[in-house]
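Everything numeric in this text was worked out from a predicted model, so none of it was measured. In what follows, every heavy atom counts, from backbone to side chain, and hydrogens, waters and symmetry copies are set aside.
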Amino acid sequence: AGADTLDDLQAMFARNGIAVVIVTRALPIAMAAASLVAGLSGMGRAPYLVACAAGTAPVAWLYAYAGARSRATGQWLPAVVIVSVLPIAW
C-alpha cells in the first residue's frame with residue numbers, strides 16, 4: 001500500500017502541487033505536510049520556492065496589517081481577531 005500511496009501522491013502533485021503548496025501556507029500542520037509530500041513527489045525546487053513565496057506573501061501582508069492596525073488603534077484586539085480568523089477563512 002505504501003508504494004501505491006506514494007504513486008498517487010506523485011500523480012496528484014504533478015497535477016496540483018503548486019496550488020496545494022500555495023493554499024497550505026497559512027495552515028501550519030498542512031503546510032508541513034504539503035512540503036513533505038512535495039519533496040517526496042519530486043517537485044522541483046524552483047516551482048516549490050515560487051509557490052511558497054506566492055502563498056506566504058498574502059499571509060505575511062495580513063499579519064503585518066493586523067499588527068499595524070493594533071498599533072494605530074492602541075488595541076490588541078484587531079491583531080488577535082485577524083490572526084485567529086485567518087486560518088479559518090483561508
Side-chain angles (χ1 to χ4, degrees):
D4 291 339
T5 302
L6 184 56
D7 290 341
D8 291 343
L9 288 172
Q10 286 176 330
M12 189 270 300
F13 257 77
R15 290 187 310 273
N16 304 312
I18 291 174
V20 170
V21 172
I22 289 171
V23 170
T24 59
R25 291 294 94 186
L27 309 169
I29 295 171
M31 173 180 54
S35 295
L36 179 65
V37 174
L40 288 172
S41 72
M43 181 181 229
R45 182 176 298 146
Y48 174 77
L49 292 175
V50 169
C52 284
T56 302
V59 175
W61 185 87
L62 283 170
Y63 287 161
Y65 176 77
R69 289 297 306 152
S70 288
R71 184 175 182 106
T73 62
Q75 298 176 352
W76 54 267
L77 188 59
V80 171
V81 169
I82 291 171
V83 170
S84 299
V85 172
L86 177 64
I88 297 165
W90 194 260

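- With sequence neighbours left out, Ser70 forms a side chain to side chain donor-acceptor pair (under 3.5 Å) with no residue at all.
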With a 3.5 Å cut-off and sequence neighbours excluded, list the donor-acceptor pairs that the side chains of residues 28-36 form with protein atoms.
unit_1	atom_1	unit_2	atom_2	d
Ser35	OG	Arg25	NH2	3.0
Ser35	OG	Met31	O	2.9
Ser35	OG	Tyr48	OH	2.7

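- For Thr56 (side chain) and Ala53 (main-chain N/O), no donor-acceptor pair under 3.5 Å exists by modelled atom type.
- Heavy atoms only, all atoms of each residue included: Ile18 and Pro47 are closest at CD1-CB, 4.1 Å.
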Practice item. I would like to know whether Val37 and Met43 meet side-chain contact (heavy atoms from CB on, under 4.5 Å); could you show each step before the answer? Key: CA-CA 9 Å; Val37 174; Met43 181 181 229; over 6 Å; no
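- When every heavy atom of Leu62 is checked against every heavy atom of Ile82, the shortest pair comes out as O-CG2, 3.9 Å.
- The two residues Ala51 and Ile22 make their nearest non-hydrogen contact at O-CG1, 3.4 Å.
- Under the side chain to side chain contact (heavy atoms under 4.5 Å, CB included) criterion, Val80 pairs with Trp76, Ser84, not counting sequence neighbours.
- Under the rule for a side chain to side chain contact (heavy atoms under 4.5 Å, CB included), the partners of Arg69 that lie at least two apart in sequence or sit in another chain are Tyr65, Thr73, Pro78.
- Residues Ala38 and Val21 come closest through the heavy atom pair CB-CG2, 4.4 Å.
- Remark: Arg45 pairs with Leu49 by the side chain to side chain contact (heavy atoms under 4.5 Å, CB included) rule, at least two apart or across chains.
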